[in-house]
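To start, the structure under review is shown below, and the notes come after it.
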Amino acid sequence: MANKKYKLSNLHKIKVHKNRWLIWAIAYVVMVTIAVVGYLKVSDINFETQFGQNAAGVSWRSYSDTRLGFSVRYPKNWGIESSSQSSVSFMPADSKQEGVLISEYPLSAEPAVRKSLKITSEKPITVDQVQGSIITNNLGQGVSETVVMLKKNNLLYTIAGPDNFVRGFLPNFHFITPVK
């Protein structure tokens with residue numbers, strides 16, 4: 001059997017496993033799964049680093065505002081400032097950086113809010129099962145901010161600030177029943 005040589009003209013007669021394509025497909029799916037899981041792990045670490053979290057992930061605080069009708073988790077080393085009856089600012093410990101401003105408006109104020117923005121892009125988004133828009137607002141001099149607009153209970157909620165901070169807040173933002 002060791003002396004068995006294949007001639008070029010007889011290569012088509014070599015026995016190949018009948019499920020070879022299935023085996024290749026499974027191998028491909030496993031490789032893609034490993035790549036996606038690796039990417040998600042790196043993304044989580046990057047998000048935690050941006051928000052100053054430690055590896056254990058215990059540096060979050062919760063904020064609930066029954067008057068405005070929302071709750072959110074935010075990094076422990078950030079401060080909170082309520083400058084008006086209809087908005088709350090979450091500020092990083094480094095005062096040089098802009099924070100995230102969450103505001104509530106009557107739904108009728110949407111045209112005025114939109115008019116105050118210099119919209120460069122707008123895409124649909126879902127936050128806490130509520131459809132809305134994620135907007136890039138041009139602030140001038142090459143600076144932009146992200147503004148998320150959500151409509152719930154005849155109110156307009158805006159979440160505004162630097163893109164990485166706003167996107168970090170979105171998974172932690174939830175509507176609650178407002179008490180007026």
Side-chain angles (χ1 to χ4, degrees), residues 36 39-54 57 59-180:
V36 168
Y39 173 77
L40 292 175
K41 287 293 183 186
V42 169
S43 295
D44 288 346
I45 291 169
N46 187 23
F47 176 74
E48 290 173 359
T49 302
Q50 286 177 349
F51 275 53
Q53 289 189 309
N54 60 24
S59 59
W60 287 95
R61 287 188 178 162
S62 294
Y63 174 83
S64 292
D65 193 323
T66 54
R67 182 178 38 83
L68 297 176
F70 74 88
S71 70
V72 67
R73 292 182 65 218
Y74 65 98
K76 185 177 183 177
N77 61 344
W78 284 36
I80 300 174
E81 182 181 307
S82 182
S83 57
S84 73
Q85 293 287 329
S86 61
S87 66
V88 178
S89 295
F90 297 87
M91 305 299 292
D94 179 6
S95 62
K96 296 175 190 173
Q97 293 182 317
E98 292 290 323
V100 174
L101 176 67
I102 301 176
S103 302
E104 173 194 88
Y105 302 96
L107 198 54
S108 61
E110 182 179 5
V113 171
R114 285 182 170 277
K115 189 175 181 180
S116 71
L117 302 174
K118 293 181 181 166
I119 299 173
T120 57
S121 71
E122 183 172 354
K123 297 177 184 170
I125 190 169
T126 302
V127 178
D128 195 28
Q129 301 177 359
V130 174
Q131 295 291 322
S133 298
I134 186 163
I135 297 168
T136 301
N137 179 29
N138 182 0
L139 298 174
Q141 299 179 347
V143 179
S144 65
E145 72 175 346
T146 298
V147 178
V148 175
M149 298 177 85
L150 303 164
K151 299 173 189 175
K152 173 104 173 161
N153 298 329
N154 290 322
L155 295 169
L156 176 69
Y157 290 86
T158 62
I159 305 168
D163 186 64
N164 59 335
F165 291 164
V166 170
R167 290 184 187 274
F169 270 63
L170 292 180
N172 300 306
F173 181 87
H174 300 286
F175 289 102
I176 58 176
T177 306
V179 177
K180 301 265 179 172

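Just the heavy atoms: all of them, side chains too, but no hydrogens, waters or symmetry mates, feed the values below.
Under the 4.5 Å side-chain criterion, counting only non-hydrogen atoms from C-beta, N137 is not in contact with I119. Here the side chains of F169 and P75 are in contact, with some heavy-atom distance below 4.5 Å. At least one side-chain heavy atom of L150 sits less than 4.5 Å from a side-chain heavy atom of V148. Side-chain contact between Y105 and T158: present, with at least one pair of heavy atoms (C-beta onward) separated by less than 4.5 Å. With a 4.5 Å cut-off on side-chain heavy atoms, I102 and F90 count as touching.
For the side-chain contact (heavy atoms from CB on, under 4.5 Å) with H174, the lone residue among V130, V72, D128, V127 that qualifies is D128. Under the side-chain contact (heavy atoms from CB on, under 4.5 Å) rule, K123 has a single partner from I134, T136, I135, which is I134.
Relative ring orientation between Y157 and F173 is described as perpendicular, the plane-to-plane angle rising above 60° on a 0-90° scale split at 30° and 60°.
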Side chain to side chain contact (heavy atoms under 4.5 Å, CB included) between E104 and L156, intermediate numbers included: CA-CA 6 Å; E104 173 194 88; L156 176 69; over 6 Å; no
Evaluate L170 against I125 for side chain to side chain contact (heavy atoms under 4.5 Å, CB included), listing each step before the verdict. CA-CA 10 Å; L170 292 180; I125 190 169; 3.6 Å; yes
Under the side chain to side chain contact (heavy atoms under 4.5 Å, CB included) criterion, do S133 and R114 qualify, and how do the steps go? CA-CA 11 Å; S133 298; R114 285 182 170 277; 3.9 Å; yes
Just do the side chain to side chain contact (heavy atoms under 4.5 Å, CB included) check on F165 and W78 with the steps written out, would you? CA-CA 12 Å; F165 291 164; W78 284 36; 3.7 Å; yes
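Here the side chain of N138 pairs a donor or acceptor atom with the backbone of G140 at under 3.5 angstrom. Put simply, the side chain of D65 gets close to the backbone of R67: a donor and an acceptor are under 3.5 Å apart. Not one N or O on the side chain of N77 forms a donor-acceptor pair closer than 3.5 Å with the backbone of A93.
Applying the side chain to side chain contact (heavy atoms under 4.5 Å, CB included) test to S86 and every residue at least two apart in sequence or in another chain returns S84. By the side chain to side chain contact (heavy atoms under 4.5 Å, CB included) test, I176 pairs with S64, T66, S71, sequence neighbours left out. Considering only residues two or more places apart in sequence or on other chains, S62 meets the side chain to side chain contact (heavy atoms under 4.5 Å, CB included) condition with R73. V36 pairs by the side chain to side chain contact (heavy atoms under 4.5 Å, CB included) definition with V32, L40, not counting sequence neighbours. Taking Q131 as the reference, T126 meet the side-chain hydrogen bond (donor to acceptor under 3.5 Å, both in side chains) condition, with sequence neighbours excluded.
Checked against a 6.0 Å centroid threshold, the rings of F70 and F175 do not count as neighbours.
When all heavy atoms of L107 and L155 are compared, the pair lying nearest together is CD1-O, 4.0 Å. Of all heavy-atom pairs between V147 and A160, the closest is CG2-CB, 4.0 Å.
Residue pairs satisfying the salt bridge (Lys or Arg N to Asp or Glu O under 4.0 Å) criterion with at least one member in residues 140-160, sequence neighbours excluded, are listed as follows: E110-K151.
Taking OG from S87 and CG from L101, the interatomic distance works out to 5.0 Å, rounded to the nearest 0.5 Å.
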